[in-house]
Colleague: 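One structure follows; several queries about it will come next.
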Number of protein chains: 2
Amino acid sequence: MSVAIRDAWIVTQNPNRDVLKGDLLIEDGLVREIGDVRSGADTDIDASGDIVLPGLINTHTHVAMAIMKGMADDLPFPDFLARTFSIDSKRTPKDIKCGAELGCLEMIRSGTTTFVDLYYSEDVIAGAVEASGLRGILSWTVLDQEFTTQSGKPMDNCRRFCESFRGRERILPAVGLQGVYVCSSGTFVEARDYALENRLLLHFHLSETRREVNDLKKREGMRPVEYLDKLKFLGKTGLAAHAAWLTLNEVRILGRNGTSISTCPVSNMKLATGGVAPIPEMVVAGVNVSVGTDGSATNNSLDMFGEIKTLGLLQKSSRWDPSILKAQQLLDFATIGGAKAVGLESSIGSIEIGKKADLVIMDGKSPNLNPLRRENVVSNVVYSSSCQNVKSVLCDGRLLMKGREVLTLAEGKVVDAAVDCVRDLMG
Amino acid sequence: MSVAIRDAWIVTQNPNRDVLKGDLLIEDGLVREIGDVRSGADTDIDASGDIVLPGLINTHTHVAMAIMKGMADDLPFPDFLARTFSIDSKRTPKDIKCGAELGCLEMIRSGTTTFVDLYYSEDVIAGAVEASGLRGILSWTVLDQEFTTQSGKPMDNCRRFCESFRGRERILPAVGLQGVYVCSSGTFVEARDYALENRLLLHFHLSETRREVNDLKKREGMRPVEYLDKLKFLGKTGLAAHAAWLTLNEVRILGRNGTSISTCPVSNMKLATGGVAPIPEMVVAGVNVSVGTDGSATNNSLDMFGEIKTLGLLQKSSRWDPSILKAQQLLDFATIGGAKAVGLESSIGSIEIGKKADLVIMDGKSPNLNPLRRENVVSNVVYSSSCQNVKSVLCDGRLLMKGREVLTLAEGKVVDAAVDCVRDLMG
């Protein structure tokens, strides 16, 4: 099975950040040729003047919450939590599946090909991801027994999930931790040991709110990153979501340990938690930065194009410095930064020969992307695009959407099912 | 000529903010029936499950700058100004026309039906607006002779434009002022007198940067709003763009004078000018708030859906209060707030019988808008939508876009012309 994509602007995101005009040949799920492709292919896509990007990588979400969008907006934080927990506690595996399928559709339509999830019931979510054709790093959430609504011990559930879903094509099971506010040191250490033994990603919430930082300081006399460092929890396979309320010392500890972060600017701004992740300092300290949308109850969108634009706006405006983060860096965070964050930088995150063909084709003739020139392709993708420009999406060399038609999940059925689920949940 | 739109969620934005499920009948450009439309129509649109909104109103832009997108990003403010002024000074009427047509296409595709422009060459821009079918309030920029690149006296150019374009169907000429940094008191007074005599909108830049505020304080011993109040420049037909660096006293002066503002959050954040418009205080002081995208060199998008989401995020995050502005208010600013700002609240800004049929139809079956329920229609439009959801757009009862196909301007030609213009400009 081969696919040729012809005559496009190719935003390679390779080490030189080359933007090329030319063709791509994909065979057996991999990029085989870049430039001038003479041979034919099973599927030939005329992308004349279009833009081809590496598929975007959303490194923090709770995809099954897609059915909860628009249900708890504009509320003070405690009211928001009460409302979402109350809806969440009523949900059945059918609701989880339905939410995950809906979220996968949103991601395909907005050019995301890989995402990192943090949730329970990841076995159910995995089914939706496999059906969608996306790549999912699915982290089963571990927390102390006394705080969980999971039946059984969370760490056992996590182990069972990871063992059942090893070796799948596009599903990477991973270990999740809810955060210092509901995880004891023993829970952190047990999760870390299991993840290290089995070479799994360790994905965890970190310093989203001041409250969790202050509570830990009272309890342990340390800030969260200092505490996790002392537990030897932090390492190269760690991915910390939010990482908003950090000191410079904490940033340096993350850098030293090789721990990646997933910044979630829209969610932080919408919940008004006050923290602005110190991204420029992270870049200086060598912390690998990636970007996540967070779940649909707090964003309320899974659109990574919107997310990176907002990230740039937030960083520029909060520092009063329009040059603090540039378009190229913002795109890097959503592509190769994401790939590094999940340990897949040798196979995804850029368009290079031998890498997996996870690709987004954007309509280069759209008025909002023009005038399009080599010099402004990246700027226009970051600051002027929207998911309306996403025409076609490939993951692992397979077309998931072609000409805005999703080829994997049955869109109408998924949307109708989501409406039904919510009717049953909310009355 | 009649149009029926059937079986949609109708976000009326009427005084009760009713969200109805039903039909709309449009005759002679006006909304004639809302609810259950029995009669047939010349054009029948099945909008089953779709969302119908009043057309969005962008109250501050420089539409002809659409061809300058992606040319001056991530630069310190003085470098940004030097670069844009240098490109701007080379532009010909052909470039202005081309940029205006491109910008009009972007606005149609993102659900804007009325916009307020501030520029020179508004006669050229008017041609593009008429061809596009949009409604334009076109403010010719007046400034002191010594600062202008216009040939002739700016106030005379403005007068000539306003006189030539009186009484057009969807073009409202207006008087623009660049701002206190390039307009003397005499210029303000002359412009005001002409606008009042001729019942024209007075549209002006106000307190976008700290520098213009500080420079005026040095020169006049007053802050800009205090100074304009002393000149008796402020009134009900005034529309102040940006209005970011204001004291509470200035907010109250605007409220007392009935002057509207157009907040431009994305532009302010991207240029990192530091100011956050005090919208909650404006609401308390009775200032009418509307929203603008600013021009494409600073945003770099004319998408009002993105703008109102970012406005909400910025206000919430800068106040650490997730409930400070709610979805309904954000939508109000972009519809009835915009209509009030341009003095057209009796004819546009909401879907009510007898008002003009300026309408946006959004695909209610899109995954990113679902699950859609009466309770979350407004929330989902504000926080979850994107311009990918805009299917069809009517202005004055005329279909400008149907099923994502623009029916007025020739999209391919406009985009190609924009690329050519920029090639000539930039080499």
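Quick caveat: nothing in here was measured; it's all calculated off a predicted structure. Quick note on labels: first sequence line is chain A, next is B, and so on, each numbered from 1.
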Colleague: Taking side chain as everything from C-beta outward and backbone as N, CA, C, O, which of these in B:L75 sits under 4.5 Å from a heavy atom of chain A? Side chain, backbone, both or neither.
Modeller: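 The backbone, not the side chain.
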
Colleague: Report the option among B:R423, B:K69, B:E101 that has the most heavy-atom pairs separated by less than 4.5 Å from atoms of chain A.
Modeller: B:K69

Colleague: Rounded to the nearest 0.5 Å, what separates atom SG in B:C387 from atom CG in B:D303?
Modeller: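 Result: 4.0 Å between the selected atoms.
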
Colleague: Looking at chain A, which one of B:K326, B:M426, B:E411 has the largest number of heavy-atom pairs inside 4.5 Å, strictly under?
Modeller: B:K326

Colleague: If you count heavy-atom pairs under 4.5 Å with chain B, which of A:E375, A:K309, A:M71, A:R319 comes out on top?
Modeller: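 Winner by heavy-atom pair count: A:K309.
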
Colleague: Do the side chains of A:D73 and A:K270 get close enough for a salt bridge, i.e. N-O under 4.0 angstrom?
Modeller: yes

Colleague: Please look at B:A66 and chain A and tell me whether the side chain, the backbone, both or neither of the residue comes under 4.5 angstrom of a heavy atom of that chain.
Modeller: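 Contact with chain A: backbone only.
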
Colleague: Which atoms form the tightest heavy-atom contact between B:S366 and B:D363, and what is the distance?
Modeller: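 So the two residues come closest at OG-O, 3.1 Å.
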
Colleague: Check this for me, if you would: do B:R109 and B:E405 make a salt bridge, where the nitrogen-to-carboxylate-oxygen distance has to be below 4.0 angstrom?
Modeller: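 No, B:R109 and B:E405 are not salt-bridged.
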
Colleague: Of the non-hydrogen atoms in B:L409 and B:C104, which two are nearest, and what is the gap between them?
Modeller: CD1-CB, 4.1 Å

Colleague: Non-hydrogen atoms of chain B under 4.5 Å away: do they reach the side chain of A:L302, the backbone, both or neither?
Modeller: neither

Colleague: Does either side chain, that of B:D95 or that of B:T92, offer a donor lying less than 3.5 Å from an acceptor on the other one?
Modeller: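 Side chains of B:D95 and B:T92: pair found under 3.5 Å.
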
Colleague: Is it the side chain or the backbone of A:V266 that comes within 4.5 Å of chain B heavy atoms, both, or neither?
Modeller: both

Colleague: Does A:D321 use its side chain to pair, donor to acceptor, with the backbone of A:K316 at less than 3.5 Å?
Modeller: no

Colleague: So which of B:T310, B:L105, B:V422 has the largest heavy-atom pair count under 4.5 angstrom toward chain A?
Modeller: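 Answer, by heavy-atom pair count under 4.5 Å with chain A: B:V422.
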
Colleague: Against chain A, label B:N370 side chain, backbone, both or neither, depending on which of its atoms sit under 4.5 Å from a heavy atom there.
Modeller: both

Colleague: Side chain, backbone, both or neither: which part of B:R404 has an atom under 4.5 Å from a heavy atom of chain A?
Modeller: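 It is the side chain, since no backbone atom gets that close.
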
Colleague: Which bit of A:I67 comes within less than 4.5 Å of chain B, counting heavy atoms only: side chain, backbone, both or neither?
Modeller: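 Both the backbone and the side chain of A:I67 come within 4.5 Å of chain B.
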
Colleague: Sort B:L372 into side chain, backbone, both or neither according to what part of it lies under 4.5 angstrom from a heavy atom of chain A.
Modeller: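 The backbone, not the side chain.
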
Colleague: For each of A:P367, A:G70, A:P76, A:S379, tally heavy-atom pairs with chain B at distances under 4.5 Å, and name the one with the top tally.
Modeller: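 If we count pairs closer than 4.5 Å to chain B, A:P367 comes out on top.
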
Colleague: Would you confirm whether A:Q315, through its side chain, and A:A277, through its main-chain N or O, come within 3.5 Å as a donor-acceptor pair?
Modeller: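 At least one qualifying donor-acceptor pair exists.
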
Colleague: Given a strict heavy-atom distance threshold of 4.5 Å, which part of B:L102 is in contact with chain A: side chain, backbone, both, or neither?
Modeller: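 Both parts, heavy atoms under 4.5 Å.
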
Colleague: Taking all non-hydrogen atoms of both residues into account, name the closest pair between A:R91 and A:D88 and its distance.
Modeller: NH2-OD1, 2.6 Å

Colleague: Which one wins on heavy-atom pair count under 4.5 Å against chain B: A:S296, A:G99, A:P322?
Modeller: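 Top option by heavy-atom pairs under 4.5 Å: A:P322.
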
Colleague: Would you mind checking which part of B:V414 comes under 4.5 Å of any heavy atom in chain A, side chain (CB onward), backbone (N, CA, C, O), both or neither?
Modeller: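 It is neither, since no heavy atom gets under 4.5 Å.
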
Colleague: Going by side-chain hydrogen bond (donor to acceptor under 3.5 Å, both in side chains), B:S267 matches just one of B:T61, B:D294, B:N300. Which one?
Modeller: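 With B:S267 as partner, side-chain hydrogen bond (donor to acceptor under 3.5 Å, both in side chains) holds for just one option, B:D294.
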
Colleague: Is B:S384 in contact with chain A via its backbone, its side chain, both, or neither, using a 4.5 Å heavy-atom distance?
Modeller: both

Colleague: With a 3.5 Å distance limit and no angle check, can you tell me whether A:N299 reaches the backbone of A:T293 through a side-chain donor-acceptor pair?
Modeller: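 Yes; judged by distance alone, with no hydrogens or angles, the pair exists.
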
Colleague: Just give me the residue among A:N268, A:L271, A:T273, A:D420 that pairs up with chain B most often, heavy atom to heavy atom, under 4.5 Å.
Modeller: A:L271

Colleague: Under 3.5 Å, is there a donor-acceptor pair linking the side chains of B:D74 and A:S323?
Modeller: no

Colleague: What part of B:F80 lies closer than 4.5 angstrom to a heavy atom of chain A: side chain, backbone, both or neither?
Modeller: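 The answer is neither part of B:F80.
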
